[in-house]
Amino acid sequence: MNFPGVDNLIYFFSQLSAPSLRWTDFVEILIIAYLTYHILLWVKDTRAWQLIKGIAVILVIALMAAVFNMTTIQWIFRNFAGIAVTALVIILQPELRNAMEELGRKNFLSSILGWEPPKTEEGRFSDKTVNELVRACTEMGRARTGALIVIEQTTPLLEYARSGIDIDGVVSSQLLINIFEKNTPLHDGAVIIRGNRVISATCYLPLSSSRLDKNLGTRHRAGLGISEETDALTLIVSEETGNISYSYKGRLWSNVTPEQLRGALVRLQNKLSEEEARNNTSRRTLGEIRKNAFKKKKPGPSEKDDKEKDSKGKEGGAHG
């Protein structure tokens with residue numbers, strides 16, 4: 001008994017055939033997926049999303065003009081399409097530049113496989129620097145002293161450091177509090193920290209064009225702006241409220257506690273924990289023991305002959 005449509009369904013599936021895939025096809029799929037994913041992330045976090053909505057409206061109008069044969073609108077689209085693409089590139093120039101810089105900072109294989117840079121025993125800065133930064137921000141928050149501290153990571157901040165005054169001092173809470181003390185020559189602008197040293201003060205930073213809370217001022221906009229253009233972590237202390245904030249990779253965390261601030265610094269520090277450092281030291285010591293044991297091998301035949309000759313020579317000299 002034949003059901004209606006079954007023969008057609010069987011014929012349809014019989015015509016299906018799986019395409020032959022090479023290993024290069026899998027690599028191509030990974031590359032396209034990687035680029036598509038990061039383009040979507042870039043669109044979501046920038047003004048491009050609003051522009052895409054506007055472009056979608058224009059495309060709907062163009063489609064309607066083609067369906068209903070609106071010759072004037074079609075002529076406008078044909079003559080201004082090239083100009084529109086150029087204008088779009090100019091409008092999105094800052095976002096495109098940031099996207100290319102972010103793509104250049106990323107490791108392709110690490111991003112796909114989810115690898116993270118290995119931790120080191122020293123870290124980017126010491127635990128003492130973490131404690132001094134937390135203490136300085138906490139004390140300046142209590143005293144309602146405004147502060148803007150930029151911690152360099154992998155992106156060099158030399159162009160911003162050149163806009164300020166060279167300091168080259170070890171990071172300490174006393175130094176930071178004195179720099180940002182009101183009515184002092186160095187209190188205006190940002191401090192840039194590299195490793196365990198303050199390299200520059202009174203630095204000028206780019207302002208973010210993102211929408212912020214009206215209660216947040218120029219200091220927060222500058223801290224967010226440098227985090228949008230680089231991978232630096234920026235610490236911000238509000239002069240009006242005394243609240244502590246930090247920005248990283250274009251995001252702003254407001255009114256954080258000292259513990260939350262310490263957690264952000266420890267994550268940026270990328271340092272092995274005490275237990276991991278002990279295990280690493282134990283593995284290194286065990287490797288050295290094995291290496292030394294491998295070097296201590298038994299003497300060969302030639303070495304034995306030389307030792308016997310030396311001993312006979314000594315005995316002959318003693319008899320003589």
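Keep in mind it's a predicted model, so treat the numbers as computed, not measured.
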So [Y] and [X], do their side chains get closer than 4.5 Å, heavy atoms only?
X: T202; Y: D188; value: no
X: Y248; Y: T234; value: no
X: S200; Y: I167; value: no
X: K249; Y: E228; value: no
X: F180; Y: L186; value: no
X: Q153; Y: L233; value: no
X: I193; Y: F125; value: no

Which distance, rounded to the nearest 0.5 Å, do you find between the [atom1] of [X] and the [atom2] of [Y]?
X: T129; Y: Q269; atom1: OG1; atom2: CD; answer: 8.0 Å
X: T145; Y: L176; atom1: OG1; atom2: CG; answer: 12.0 Å
X: L265; Y: R124; atom1: CG; atom2: CZ; answer: 12.0 Å
X: R262; Y: T138; atom1: CZ; atom2: OG1; answer: 8.5 Å
X: T36; Y: I31; atom1: OG1; atom2: CD1; answer: 11.5 Å
X: I149; Y: L133; atom1: CD1; atom2: CG; answer: 6.0 Å

Are [X] and [Y] linked, directly or through other ILVMFWY residues, by side chains that come within less than 4.5 angstrom of each other?
X: I83; Y: F77; answer: no
X: L207; Y: V191; answer: no
X: F80; Y: I73; answer: no
X: I32; Y: L30; answer: no
X: I165; Y: V170; answer: no

Provide the closest heavy-atom pair for [X] versus [Y] in the form atom of the first, atom of the second, distance.
X: N255; Y: N243; answer: OD1-OD1, 3.3 Å
X: R22; Y: D25; answer: N-OD2, 2.9 Å
X: C203; Y: A161; answer: SG-CA, 4.0 Å

With no hydrogens and no angle check, is any side-chain donor or acceptor of [X] less than 3.5 Å from a backbone partner on [Y]?
X: S163; Y: Y204; result: yes
X: R221; Y: S208; result: yes
X: S247; Y: S227; result: no
X: Q260; Y: T257; result: yes
X: R144; Y: E240; result: yes
X: S173; Y: A136; result: no

Any chance the side chains of [X] and [Y] put a donor and an acceptor closer than 3.5 Å?
X: T155; Y: D231; answer: yes
X: S126; Y: N196; answer: yes
X: S172; Y: E132; answer: no

**Report entry** Shared-cluster residues of V150, by chain and number - hydrophobic side chains joined below 4.5 Å
**Finding:**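 Same cluster as V150: L148, L157, Y160, I192, I199, L205, L212, L216, L224, I226, I236, L252.
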Requested in this report: Would you mind listing every side chain to side chain donor-acceptor pair (under 3.5 Å) that reaches into residues 68-90, with sequence neighbours excluded?
Outcome: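 Sorted pair list comes back empty.
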Report task. Before giving the answer on side chain to side chain contact (heavy atoms under 4.5 Å, CB included), spell out for S245 and H220 the whole-Å C-alpha distance, their side-chain angles and the decisive distance to 0.1 Å. Result -> CA-CA 8 Å; S245 307; H220 291 81; 3.7 Å; yes
**Report entry** Exceeds 12 heavy-atom contacts within 6.0 angstrom, atom CZ of R197
**Finding:**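 Yes, CZ of R197 has more than 12 neighbouring heavy atoms, counting only those of other groups under 6.0 Å.
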Query raised in the report: For R194 and E152, what are the C-alpha separation, side-chain angles and deciding distance, and is it a side chain to side chain contact (heavy atoms under 4.5 Å, CB included)?
Result: CA-CA 5 Å; R194 178 185 298 151; E152 185 183 71; 2.6 Å; yes
